[in-house]
Enquirer: 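Next up is a structure, given as structure tokens.
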There are 2 protein chains.
Amino acid sequence: MKTERILGHIRQKIHLTDEEGAIVSQSFKFRTYLKGQYIIQERDVSRYQTFILSGKVRTFYLDNKGNEHIIAFGIEDWWVGDICSFATQTPAEFNTQCLEKTTVAQISFQDMEQLYRDVPKMERYVRIIIQAAYGSMSKRIVRNHSMSAKERYLLFTQTYPEIVQRVPQYMIASYLGITKEFLSHIRKQIAEERKN
Amino acid sequence: MKTERILGHIRQKIHLTDEEGAIVSQSFKFRTYLKGQYIIQERDVSRYQTFILSGKVRTFYLDNKGNEHIIAFGIEDWWVGDICSFATQTPAEFNTQCLEKTTVAQISFQDMEQLYRDVPKMERYVRIIIQAAYGSMSKRIVRNHSMSAKERYLLFTQTYPEIVQRVPQYMIASYLGITKEFLSHIRKQIAEERKN
DNA sequence: AAAGGAAATTAAAGTAGATTAATAGCCTTT
DNA sequence: AAAGGCTATTAATCTACTTTAATTTCCTTT
């Protein structure tokens, strides 16, 4: 059941009684998006926190020259969206778009605040999730400064092999902060090195 | 009083009764570091969460070529350290060093966990703080990909004018992910543009 | 006021990665 | 199987930024 999936994820981090579990379950709504549809678009206020049950998405920023910059991918069991927009209920700077048919669990801002009151432990769950996300973000900044594009690509393929297989290359280039042409060049280099 | 300063910061985000405030206050210890001393060194486990009362610090990463990469600065009223190391009680990847005499409030991992049990609202406080920090980290990644070094420097000077004044230039270059020589070059450009 | 060391500037040469543009491969639809 | 539209490759030229190295300015100590 859909509810089980997200409850399972929460229960990996905090203990919930059956009653609390029921309250949590009832707070979520389920929705399916088609390929290309947007879960959140920049300038809209992010009304929902979104947990992916199946499918895959990308979160990206559109700069003033019209170029897309992918900040994050999301697949099964990942939280996605513009956390800043949701937390402060201000217009989003980021877009979250589905790269294939994607089923999600969503909780609205009001329901989340109510849930924090009804099941205060959920504060702990969200804190733990965000702390981990923050940690990986800081490491990413450091890597962008201390590693070459080639090194970052190799690290990415090791860390997220499922994403490498399921996402077009030009999006991985965007995530790494390089052009698709240069990623192609890097891949050629790597292929040639492996021949020897 | 030292205690007031950190309590004040917490009370901006959550409501605390007098009794809760007292428990929170008692959980913190105060300490003063001299210029150059380390609050946390890589490979040590971060035992404390640290809040700056006065002074300034930098958090940096040492890459395998021996180059320093500054991830963050910290001044009055900022939380600093290696959150990942503290949260998971695993060895730190980052160093936090005082750039001048610095007075801090610290809470140990055990006391923090006890405080979460005694004053569960503290989960909420930390969640709110980390959510904001996460938001600014994501924006920073995007900016590193979509803006030139010059644009990033100008944005930095606007956003953190106090830091620009209190920190040597070569550290700001490191934070921006460029060399000190190139920052010098950028500054010259900007100065010349302002003449006209 | 001199000395010494750290921080900042300048300039020349070098490189990682961007840009442009052309071509090729590969799905999907008909 | 042909057509059309994405996705990926390749190669030439270009540029933002690095590296190296020398010089200068600024701060601290005596």
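Just so we're on the same page: letters track the sequence lines, and every chain starts at 1. Note that these values count all heavy atoms, side chains included, but never hydrogens, waters or copies made by symmetry.
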Enquirer: Whether the side chain of B/Ser85 engages the backbone of B/Thr90 through a donor-acceptor N/O pair (distance < 3.5 Å, no angle test) should be reported.
Expert: yes
Enquirer: Checking ring-ring contact (aromatic ring centres under 6.0 Å, His included) between A/Phe51 and each of A/Phe30, A/Tyr125, A/Trp79, which is the one that passes?
Expert: A/Trp79
Enquirer: For A/Phe73, does the six-membered ring have the charged nitrogen or CZ of A/Arg166 within the cation-pi criterion, i.e. under 6.0 angstrom from the centroid and within 45° of the normal?
Expert: no
Enquirer: Sort by first number and list every stem of DNA chain D: at least 3 consecutive Watson-Crick or G-U wobble pairs, both distances under 3.5 Å.
Expert: C:1-30 with D:1-30
Enquirer: I'd like to know if B/Arg127 pairs up with A/Glu123 as an ion pair, taking the criterion as any Lys NZ or Arg NE/NH1/NH2 lying under 4.0 Å from an Asp or Glu carboxylate oxygen.
Expert: yes
Enquirer: Check nucleotides 7-14 of chain C against the protein and report each pair of N or O atoms closer than 3.5 Å, with its distance, or say if there are none.
Expert:
from   : atom 1 : to       : atom 2 : distance (Å)
C/dA7  : OP1    : B/Tyr170 : OH     : 3.4
C/dA8  : OP1    : B/Gln169 : N      : 2.9
C/dA8  : OP2    : B/Gln169 : N      : 3.2
C/dA8  : OP2    : B/Tyr170 : N      : 3.1
C/dT9  : OP2    : B/Gln169 : OE1    : 2.7
C/dT9  : OP2    : B/Ser184 : OG     : 2.5
C/dT9  : O5'    : B/Ser184 : OG     : 3.1
C/dA11 : OP2    : B/Lys188 : NZ     : 3.2

Enquirer: Could you tell me whether A/Arg5 and A/Glu76 make a salt bridge, using a distance below 4.0 angstrom between a side-chain N and a carboxylate O?
Expert: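 Between A/Glu76 and A/Arg5 there is no salt bridge, as every charged N stays at least 4.0 Å from the carboxylate O atoms.
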Enquirer: Between B/Glu113 and A/Arg124, does at least one N-O distance fall below 4.0 Å, as a salt bridge requires?
Expert: yes
Enquirer: Is the closest side-chain heavy-atom distance between B/Ile52 and B/Val57 below 4.5 Å?
Expert: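 Yes, side chains in contact.
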Enquirer: Please determine if A/Arg143 forms a cation-pi arrangement with B/Tyr61, meaning its NZ or CZ atom is less than 6.0 Å from the six-membered ring centre and no more than 45° off the ring axis.
Expert: no
Enquirer: Hey, where on DNA chain D does chain B first and last touch, going 5' to 3'? Cut-off is any atom under 4.0 Å from a heavy atom.
Expert: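 Under 4.0 Å from chain B, the extent on DNA chain D is D/dC17 to D/dA21.
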Enquirer: So B/Phe156 and B/Tyr175, ring pair (Phe, Tyr, Trp, His ring centres under 6.0 Å) or not? Walk me through it.
Expert: CA-CA 10 Å; B/Phe156 184 82; B/Tyr175 177 91; 5.0 Å; yes
